[in-house]
Amino acid sequence: MTVLDHKPETSFGNNVFERIESEVRSYSRGWPAVFESASGSWLRSEDGKDYLDFFAGAGALNYGHNNPVLKSALVDYIMSNGITHGLDMETVAKRNLLETFERVILKPRGLDYKVQFPGPTGANTVESALKLARKVTGRESIINFTNAFHGMTLGALSVTGNSMKRAGAGIPLVHATPMPFDNYFDGVTEDFQWFSRVLDDSGSGLNRPAAVIVETVQGEGGVNVARAEWLRALADLCADREILLIVDDVQMGCGRTGAFFSFEEAGIVPDIVTLSKSIGGYGLPLALTLFKRELDVWSPGEHNGTFRGNNPAFVTATAALEEYWTDDALERGTLRKGERIRQTFMNLADMFDGVSTRGRGLVQGLVFDDPSDAQKVCGLAFERGLLAETSGPSDEVVKLLPPLTISDDDLEFGLNILAEATAQVRA
Ligand code: PMP
């Protein structure tokens with residue numbers, strides 16, 4: 001039988017999702033409910049059941065569902081006939097976003113970045129970052145890391161680790177060389193020993209790279225946290241060898257780890273930064289590529305895209321920056337709530353063999369030696385009204401990404417469900 005003969009069993013099911021939506025759908029399989037409305041940290045299904053959301057649109061809803069402050073800015077904008085689709089034309093909404101981003105985010109951090117609108121998805125910003133790095137350096141090859149995830153388009157996929165996702169490309173994925181992420185050898189081998197050795201050895205076979213692309217915490221890869229000193233050493237290595245450093249902050253940026261940018265804690269300044277997911281604020285598609293001023297070698301239109309001017313997302317992005325980033329209340333709350341999750345997970349790790357934990361801020365993972373346990377915990381959690389997802393190469397990590405705005409009571413409620421589910425699975 002060839003793939004072309006394959007008739008998926010579910011294609012004749014009696015609901016429209018099974019009947020005509022592609023087999024490629026995935027989250028809907030783990031969370032079999034039809035959702036109708038949402039508010040803050042909660043979703044409601046059409047049969048009236050409430051679900052607490054510990055996944056927050058894979059990190060696209062850091063400020064919760066239908067955040068009232070952002071919603072009112074959006075509704076006002078729409079009702080005033082503000083521009084909806086603007087290509088890359090200058091608009092009032094875009095000017096407001098750029099001015100606010102400069103004042104609230106860049107200036108206070110001493111960052112002199114230019115801002116590119118690369119198209120609205122995470123993969124769009126990653127593609128633009130890779131293209132720019134290649135154009136600036138005139139080199140082809142990129143260094144990526146084991147268990148990295150950067151998106152599903154061919155360039156982004158070429159620097160992604162997951163073999164199942166890579167196989168989906170159907171063609172060779174080239175010009176990327178994986179290096180071990182922090183702690184890949186459980187601390188046994190000195191970090192960067194291999195990387196700096198092959199860079200310096202003219203017989204190593206490594207082409208001189210244009211850039212290194214790294215996540216400070218690998219979200220899809222299993223909540224693998226790079227230590228601040230590892231990130232600093234990586235930044236130093238890149239600077240010494242004139243290799244551009246790209247930090248992919250699509251999932252960990254916009255406050256997920258506490259500070260607005262996830263690399264702030266390490267005190268490094270990447271050459272290029274990718275942002276998407278929560279930068280739009282309201283769950284509306286928006287991405288930004290930030291780069292040092294001297295790297296802005298693009299010719300007009302050399303990278304483009306029809307949906308770069310998602311003006312309603314500019315409006316909600318601006319409102320989110322004004323509401324949450326003009327003081328440090330959100331950042332402090334994120335660190336405090338993250339610590340609360342960590343304590344709960346440490347207790348579970350102490351209570352049950354084969355369970356451990358890792359994370360930063362409000363991205364925390366509960367790691368199971370037996371990957372099927374992680375799936376079972378998420379299945380039980382769903383039955384009890386909690387949405388949580390697995391990540392990692394074998395889906396062995398229950399990954400928590402609650403909205404940063406979640407209330408303490410809701411957080412406690414969800415953690416109790418997870419603790420009970422873990423106890424039931426490990427009993
Ligand atoms: N980079 C990272 C770090 C991501 O986590 C993701 C999405 N999970 C992407 C890029 C790709 O984003 P998108 O799905 O919007 O293309």
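Position 1 is the first residue of the sequence; numbering continues from there. Both ligands and their constituent atoms are indexed starting at 1 by order of listing.
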Short N-O contact, E322 and R103, less than 4.0 angstrom: yes
Within 6.0 Å of CD in E294, more than 12 heavy atoms from elsewhere: yes
F117 six-ring centre to K94 NZ/CZ under 6.0 Å and within 45° of normal: yes
By ring-ring contact (aromatic ring centres under 6.0 Å, His included) - contacts of F261 (at least two apart): F263
Partner set under side-chain contact (heavy atoms from CB on, under 4.5 Å) for S299, not counting sequence neighbours: K135, E302
Note every protein N or O atom lying under 3.5 Å from an N or O atom of ligand 1, pairing the names and giving the distance.
{"residue": "ligand 1", "atom": "1 (N)", "partner": "D248", "partner atom": "OD1", "Å": "3.4"}
{"residue": "ligand 1", "atom": "1 (N)", "partner": "D248", "partner atom": "OD2", "Å": "2.7"}
{"residue": "ligand 1", "atom": "5 (O)", "partner": "Q251", "partner atom": "NE2", "Å": "2.8"}
{"residue": "ligand 1", "atom": "8 (N)", "partner": "E220", "partner atom": "OE2", "Å": "3.4"}
{"residue": "ligand 1", "atom": "8 (N)", "partner": "K277", "partner atom": "NZ", "Å": "3.0"}
{"residue": "ligand 1", "atom": "15 (O)", "partner": "G122", "partner atom": "N", "Å": "2.8"}
{"residue": "ligand 1", "atom": "16 (O)", "partner": "G122", "partner atom": "N", "Å": "3.4"}
{"residue": "ligand 1", "atom": "16 (O)", "partner": "A123", "partner atom": "N", "Å": "2.8"}

Residues that F145 engages under ring-ring contact (aromatic ring centres under 6.0 Å, His included), provided they are two or more places apart: W230
